[in-house]
Amino acid sequence: MPSEYRVEVALDVPLPATFTYLAAAALPVGARVAVPFGTRRLAGVVTGPGDESADTAKLKAVDALLDDLPPLPASWLELVSFTAAYYHAPIGQVAATALPTALRGAAPVRLNDTRPWRLSSAGRLAEPPAARAKAQRALWQALSCGVLSKDAARAIAGQAGKLLAEWDAAGWLERVDTCWRDAPVAAGPELTAAQAAALAELRGTDGFAAWLLFGVTGSGKTEVYLRLIADTLAEGRQALVLIPEINLTPQLLSRFAARFPSTPIAALHSSLSDGERLNAWVDAWQGRAGIVIGTRLSVFTPLPRLGLVIVDEEHDASFKQQDGVRYHARDLAVWRALKARVPVVLGSATPSLETLYRVETGRYRQILLAERAHASASLPAVRILDVRRQRLAEGLSEMVVDALKAAKRRGELSLVFINRRGFSPVLSCGDCGWTSGCRHCHAKMVLHLSERRLRCHHCGAFEPVPHACPSCGNVDLKPVGHGTQRIEEALARMVPDARVLRIDRDSTSRKAAWDEIYRKVHAGEVDILVGTQMLAKGHDFPALSRVIVVNADAGLYSADYRATERLFSVLTQVAGRAGRADAPGEVLVQTQWPDHPLFAALVAHDTLGYAKTLLAERRIAALPPITHQAILRADAPDIRDANAFLESVRDTLAPPKGVTVLGPVPALMARLAGRERAQLIIESPQRAPLHAFLDAWRPDLDAAARRAGRSLRWSLDVDPQEL
DNA sequence: AGCACGCCGACT
DNA sequence: GTCGGCGTGCTC
């Protein structure tokens with residue numbers, strides 16, 4: 001049979017183009033196909049009609065049309081190609097990222113019918129199982145009362161799968177197409193005046209609108225989301241809810257399930273098997289799920305009846321993918337809402353500067369929830385402890401140890417927060433507060449002990465390491481944020497009889513670990529919790545009377561200009577752990593720089609004011625979000641190979657007016673997993689010339705990488721979140 | 001990224 | 001004599 005048709009197919013290979021194939025019939029755009037590629041057989045997605053100018057002799061034919069599913073929707077393909085264009089990633093790799101694992105392979109996929117059951121008319125006339133078969137009887141009774149999902153059936157009878165199959169074969173059952181438009185919604189708590197006002201404003205729009213829901217910790221943002229979702233479901237439309245991985249807890253999911261008991265919810269969390277994820281994904285795609293709730297990857301779920309998008313904790317760094325296709329789920333979520341002409345709500349207690357800047361420029365609208373939902377819970381009192389010229393034992397001051405001892409005597413739970421993020425060795429003077437700033441730009445210079453010099457990671461300038469403080473002559477210069485390695489042992493030693501529990505990635509890697517930690521804490525078997533980042537968010541601990549931050553300074557002067565923004569955010573969140581119940585909490589922050597404006601804002605709970613300060617700084621320094629950046633990263637076992645690659649591409653193409661290429665400079669984490677990392681920073685006040693430059697540059701990058709050999713790895717990061 | 005082809009060292 | 005090391009080149 002002659003192959004008269006041609007199609008373009010996107011394949012998961014690191015090549016920028018799509019590939020032209022011959023086909024015996026006109027294949028629909030969005031169809032999944034299997035194609036021969038070299039010696040392999042790969043899965044691909046049809047992106048459009050084939051290139052007619054391609055030489056027929058070189059073309060191969062499509063092998064098979066996979067799946068009996070309908071083709072992927074045009075809106076999904078549009079999202080994939082936008083992502084590929086914006087992040088300068090090969091479209092086939094984006095498509096593979098956007099599909100669930102089960103749909104990435106070249107094997108056809110068969111789907112289970114996941115629709116719930118009810119009794120058919122024959123079933124209603126049939127004899128119920130004997131009363132002594134208790135489980136069978138219970139399952140039958142549940143069916144005769146109404147509709148039953150497979151999960152619900154399994155909860156009633158362990159053998160549900162087998163029984164349902166038998167009864168179905170007997171003709172007693174039928175499938176029900178779910179409709180959530182009239183599904184019941186459980187009553188929620190009464191709204192506060194602020195929540196009601198926020199809701200009224202959010203409901204007042206039609207079509208696309210981007211909102212920042214700016215609410216302090218405990219102000220009840222989730223309740224606002226639930227009410228909006230109820231509106232969306234009542235119109236028969238679907239809601240997409242994006243949540244940081246760490247906040248996507250069973251507690252949160254059961255809160256949604258309890259509010260919408262009969263609405264199918266597709267929860268896309270990390271512990272799903274490939275099959276479960278596929279089912280949830282297809283439920284969303286086929287319009288069977290009313291709510292999709294999940295982490296950044298969920299932004300790619302096709303939703304035919306999308307009516308609302310919510311991004312909770314929109315400032316959270318986990319929305320940015322840090323390898324492969326480096327997309328930002330929050331930004332893509334806003335784009336999706338725009339294309340679907342539906343509202344998007346970005347919620348946060350500490351909004352990102354990107355989002356606040358868009359509020360400032362009028363693109364997003366802001367709604368404030370200024371008070372905690374429980375009138376009795378007030379914001380914690382923050383005290384700044386000046387530790388200059390103090391003797392610190394393992395980073396702990398006497399004041400902090402005394403506070404911990406007093407709390408222990410009163411039987412109260414304290415939290416010692418260790419800020420490990422943003423650590424890079426910036427040199428500082430413990431006497432006068434001098435830090436090693438770069439004389440050519442706004443960045444801090446980083447100590448490179450092996451090279452015995454200071455190096456700027458923004459512009460690349462370097463200087464010898466000073467022997468004494470250039471400002472006051474003190475010879476005892478140290479990297480900021482040093483010396484908190486063995487803090488839990490130190491605590492156990494300095495606070496007699498204190499029961500110290502450490503919480504970090506290691507101690508929580510096992511699944512049962514969290515349950516054990518919760519049990520201990522709730523049973524009052526712990527006096528002091530010690531932990532990093534993980535403790536700042538997501539998990540609710542009761543009656544935290546005191547939060548102590550021992551090394552805030554590590555983020556205060558960092559080579560990464562985003563460090564202060566992140567520090568303020570994490571300190572606000574960890575402070576929010578204190579005093580959530582009836583007792584007002586206290587937060588103690590140790591610092592060598594008590595006069596830093598960050599602390600004044602923290603004490604005053606002035607998130608917005610501090611954000612304005614930071615935005616003003618970014619404007620002066622011409623940094624994001626005022627300007628736009630991309631980073632070309634390279635790593636190799638030998639730094640010279642990475643630098644050689646970056647130098648060879650840096651001058652292949654003259655950047656257009658306004659676009660600046662800086663570097664090569666070392667990455668903030670200059671060495672990782674035995675590889676040395678360096679980068680070029682590309683900056684521009686306008687997005688368009690930046691993207692045009694990256695597009696034109698791409699072939700040069702591919703060519704240079706080929707010349708550089710296999711040991712070199714490289715990637716392009718648009719809107720980087722970390723240096 | 002895979003996977004082939006291709007040309008040089010230590011083994012049955 | 002060959003099994004296998006990973007350099008380089010291509011994939012519609």
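Letters go in sequence order (proteins before strands), and every chain restarts at 1. Nothing here was measured: the structure is a model prediction, and the numbers come from that model.
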Got a salt bridge between [X] and [Y], using NZ or NE/NH1/NH2 to carboxylate O under 4.0 Å?
X         : Y         : value
Asp702(A) : Arg698(A) : yes
Asp113(A) : Arg288(A) : no
Lys320(A) : Asp331(A) : no

Item checked: Lys58(A) side chain near dC12(C) phosphate (N/O to OP1/OP2, under 4.0 Å) ->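 Looking at the OP1 and OP2 atoms of dC12(C), neither is under 4.0 Å from any side-chain N or O of Lys58(A).
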Next item on the list: State which of dC12(C), dA1(B), dA4(B) makes the closest approach to the side chain of Arg40(A).
Entry: dA1(B)
Reckon [X] touches a base, only the sugar-phosphate, or nothing at all at heavy-atom distances under 4.0 Å?
X        : value
Leu15(A) : base
Tyr21(A) : sugar-phosphate
Thr20(A) : base

Atom pair distance, as rounded to whole Å: [atom1] in [X] and [atom2] in [N]:
X         : N       : atom1 : atom2 : result
Phe19(A)  : dC12(C) : CZ    : P     : 8 Å
Arg713(A) : dG2(B)  : CZ    : P     : 14 Å
Leu11(A)  : dC10(C) : CG    : C1'   : 14 Å
Asp12(A)  : dG2(B)  : CG    : P     : 8 Å
Asp51(A)  : dC12(C) : CG    : C1'   : 10 Å
Arg41(A)  : dT11(C) : CZ    : C1'   : 17 Å
Leu42(A)  : dT11(C) : CG    : C1'   : 9 Å
Phe37(A)  : dA4(B)  : CZ    : P     : 14 Å

All N/O contacts under 3.5 Å from nucleotides 3-9 of chain C to the protein, with atom names and distances to one decimal?
unit_1, atom_1, unit_2, atom_2, d
dG9(C), O6, Arg710(A), NH2, 2.1

Check: Honestly, is Arg341(A) close enough over Phe208(A), meaning NZ or CZ under 6.0 Å from the six-membered ring centre and within 45° of the axis?
Finding: no
Notebook entry, point to check: Is there a donor in the side chain of Asp51(A) and an acceptor in the side chain of Ser53(A), or the other way round, less than 3.5 Å apart?
Noted result: yes
Check: How many angstroms lie between CD in Gln679(A) and CG in Leu723(A), if you round to the nearest 0.5 Å?
Finding: 6.0 Å
Check: Measuring from Arg713(A):CZ to Asp323(A):CG, what's the distance to the nearest 0.5 Å?
Finding: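 Reported to 0.5 Å precision, the distance equals 10.0 Å.
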